[in-house]
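Comments concern the structure below.
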Amino acid sequence: MDTNKRFLVGVYDDDDEVMAAVKTVRASGIKIHDVYTPFPVHGLDKAIGHPRTRIPVVAFMFGTLGLITMFVFTLYTMRLDWPMNIGGKDYYALPDFIPPMFEFTVLFTAFGMVFTFFITNGLWWGNKAVIFDLRSTDDKFVMAIDTASNQKSEAEIEKALRETGAIEINVKEIVEEED
Amino acid sequence: MSHVSAVVRPPLVTGGKSYHDITEDVCRQVEGKPTTSWKIVFAISSLVLAVGTVSVFWTWWDGLGNWGLNKTVGWAWDITNFVWWVGIGHAGTLISAILLLFRQKWRTSVNRAAEAMTIFAVICAASFILMHAGRAWLAYWCIPIPNTYGSLWVNFNSPLVWDVFAISTYFSVSCLFWYAGLIPDLATIRDRAKSKVSKYIYGLLAMGWNGNTKTWARYEYVSLILAGISTPLVLSVHTIVSFDFATSVIPGWHTTIFPPYFVAGAIFSGFAMVNNLLLIVRWTFKLQDYITIEHIETMNKIITVTGSIVGIAYITEFFIAAYSGVSYEQYAFINRATGPYWWAYWAMMTCNVVTPQLFWIRGIRRSITWTFALAVVVNIGMWFERFVIIVTSLHRDYIPSSWAMFSPTLIDIGDYVFTFGLFFVLFLLFAKYLPVINMAEVKAVMKSSSERFPYKVKPSSKKPGQHVTE
């Protein structure tokens, strides 16, 4: 079933203003749906109340997986499946296998982490972007507030947005697909 | 939130640009029709590529007998060009990864083009690996996969196998890094697109990016971690390339100084190429306000440092050969400087050690003409360095009866020409259809590094030498 969600969209001119606005609007008891910015605004995720991302943990786990994969693979091919005597050294002369092990660590970390990032943020080829204001990828900072999920009236939300420096306040209806 | 910028540092973005100006300036050539100059250069590059392709075709059709290789010199132009191109690629990753870790804000204007250069340079390098293999259709033999003969694996003790892993990881991770960085800018182009085709294509590539807070926060972490893992990666790649030589027993190759020396040389030549390309890009696309003289000067300083490191490495090699007391080593180095390839050695010394020192003079390192000319000289010098290391070490080995001279054939030259065509065709396509400057990152450093914002200086800011904008 498709439902229409009604949002009040405050457009700001400056990243510092939107940061201050987020803090004020939240303090006044209004729930913010999200803020859209053309570049990363440091500290905005914290101000909006998002928990710290665990993507570094994901990266570490993928890296470890890559390291173990190549360690096991070189051990299997060079020591167990087809041992070769090279220069009278041990069959498993570890220093020789560090380069491929290192490369696999990096490879797994990079691809594992980036694809996790894509999946968790709903980024994939063919995905349609939910855009509240086209200028949010250019030079404007856009705060979207879901009117239905807020206790406050639309007039109060609009007042809060205007008082925090929004240069425009628009209404946007987004069609959301629901099961 | 306040933004602190030091008054001693000149602004990185000039012309009093606003956020919107950045979008306009960078998107202009992506959205507009190709300019005449772009068309002319693209036509020339395509012609060069076509001519080179004939040469590559003959290499594969007739085999490596078409090259000037002989009984002694079994590696020559192929590996010279391969190492040279891989080296060129290094500056891109250095700018995007190492300088990100070091919080160097000036990188934001140049990283996109430099990363693109990396990818195309690595493609050119890889094409020499395929050519050098002779039978390119069997290149998959380098990959450890079980085969029909039973247990026959690639030899993980071999630096050539390490190379396969290093180059393929480097290439794929560089592509990923580049693409991940492009997504926000692709979304900007998508949102401005007028035609259905560009809306569709850029929309597809932008993957539904809308710049929400959580995505940006994670994006920053992803960039930082990618930079953290790409930094040792880029150092490892040229280190491993140098192992191809250093782990052998050939006099002139078997030296422990090779890894750092190769890495420094790679950064040296890479920055020279970045300088050349960016000077063309800033002029063609009128991006002088983003790629300023400060950027060019900073890169010239890096060229001076790495060039000096390379110079010290040359002298150290000579000293160690003399000090080792091994007559073969000593001969190899004396032969380099005074033997039949003396001209290549001295061309290398002049181009890499002597001329870059001119950058100590402020007027020269801030001059467009001098920078362009010296960057070309550096690239010529670095090509000669690879040539000297490879050919002069091989043409006279332990047995004087097998000594021989190498001279390139037309096919050798044609294969090199092919990679130039390929590189410039790819770079021109990139410059036309993708944003050459990372808009999102430049916007992010605007408040602390642009000419526009210090006008809002707060007189109450206390610390001397700093001003605070709010």
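We name chains A, B, ... by the order of the sequence lines, and we start the count at 1 in each one. From a predicted model like this one, the values you see are computed outputs, not experimental measurements.
A salt bridge links B:K447 and A:D16; the closest N-O separation between the charged side-chain nitrogens and carboxylate oxygens is under 4.0 Å.
Neither the backbone nor the side chain of B:V161 comes within less than 4.5 Å of any heavy atom of chain A. For A:L44, the parts sitting under 4.5 Å from any heavy atom of chain B are the backbone and the side chain alike. If you measure heavy-atom distances from A:R135 to chain B, you find no contacts under 4.5 Å at all. Interface remark: A:Y92 contributes no atoms to any contact with chain B (heavy atom separation under 4.5 Å). B:P144 touches chain A through backbone and side chain together, each having a heavy atom under 4.5 Å away. Both the backbone and the side chain of A:L123 come within contact range of chain B, judged by heavy atoms closer than 4.5 Å. Residue contact with chain B, scored on non-hydrogen atoms closer than 4.5 Å, is absent for A:F60. For a residue to count as touching a neighbouring chain, one of its non-hydrogen atoms must lie under 4.5 Å from one of that chain's; by this rule B:I183 touches chain A with the side chain only. Only the side chain of B:L176 comes within contact range of chain A, with at least one heavy atom under 4.5 Å from a heavy atom of that chain.
B:T213 places a side-chain heavy atom less than 4.5 Å from the side chain of A:D34. Taking 4.5 Å as the limit, some side-chain heavy atom of B:E220 sits within range of a side-chain heavy atom of A:H42. For the pair B:N155/A:I86, a side-chain contact is recorded, criterion being any heavy-atom separation below 4.5 Å from C-beta on. Using a 4.5 Å heavy-atom cutoff, the side chains of A:T53 and B:R218 are in contact. Looking at heavy atoms from C-beta onward, B:V222 lies in side-chain contact with A:I55 at the 4.5 angstrom threshold. Residues A:F141 and B:Y19 have side chains in contact (heavy-atom distance under 4.5 Å, counting atoms from C-beta outward). Here the side chains of A:M84 and B:F156 are not in contact, with every heavy-atom distance at 4.5 Å or above. At least one side-chain heavy atom of B:I225 sits less than 4.5 Å from a side-chain heavy atom of A:P56.
Among A:R52, A:M70, A:E103, the residue making the largest number of heavy-atom pairs under 4.5 Å with chain B is A:E103. Annotation: maximal heavy-atom pairing with chain B below 4.5 Å, among A:D138, A:D139, A:I131, A:I48, occurs at A:D138. With respect to chain B, the highest number of heavy-atom pairs below 4.5 Å among A:P38, A:A144, A:A59, A:G126 belongs to A:P38. Here A:V130 is the residue among A:T105, A:V142, A:V130 with the most heavy-atom pairs under 4.5 Å with chain B.
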(message) For B:D191 and A:T137: C-alpha separation, side-chain torsions, deciding distance, then whether side chain to side chain donor-acceptor pair (under 3.5 Å) applies.
(response) CA-CA 7 Å; B:D191 292 347; A:T137 51; 2.7 Å; yes

(message) Using side chain to side chain contact (heavy atoms under 4.5 Å, CB included), reason through A:V106 and B:V173 one step at a time and then give a plain yes or no.
(response) CA-CA 8 Å; A:V106 171; B:V173 171; 4.2 Å; yes

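Between A:S136 and B:N210, the side chains place no donor N or O within less than 3.5 Å of an acceptor N or O (distance only, hydrogens not considered).
Using a 4.5 Å heavy-atom cut-off against chain B, the contacting residues of residues 108-121 of chain A are A:T109, A:A110, A:F111, A:M113, A:V114, A:F115, A:F117, A:F118, A:T120, A:N121.
The nearest pair of heavy atoms linking B:W153 to A:T77 is CD2-CG2, 3.2 Å. Across every non-hydrogen atom of A:W125 and B:L204, the tightest pair is CD1-O, 3.2 Å. The two atoms that bring B:A440 and A:F39 nearest to each other are O-CB, 3.2 Å, heavy atoms only.
Residue A:Q151 places its CD atom among 12 or fewer non-hydrogen atoms of other residues, nucleotides or ligands, all under 6.0 Å distant. Within a 6.0 Å radius of NE2 in A:H50, other residues, nucleotides and ligands contribute more than 12 heavy atoms.
The CZ atom of A:F132 sits 9.5 Å away from atom CG of B:N212, with the distance rounded to the nearest 0.5 Å. Going from atom CZ of A:F97 over to atom CH2 of B:W162 covers 9.0 Å, rounded to the nearest 0.5 Å. With values rounded to the nearest 0.5 angstrom, A:D96 atom CG is found 9.5 Å from B:S158 atom OG.
Ring orientation note: the planes of A:F104 and B:F165 are tilted relative to one another, at an angle of 30° to 60°.
The list of ring-ring contact (aromatic ring centres under 6.0 Å, His included) pairs with a residue in residues 192-212 of chain B, not counting sequence neighbours, reads B:W209-B:W216, B:W209-B:Y219.
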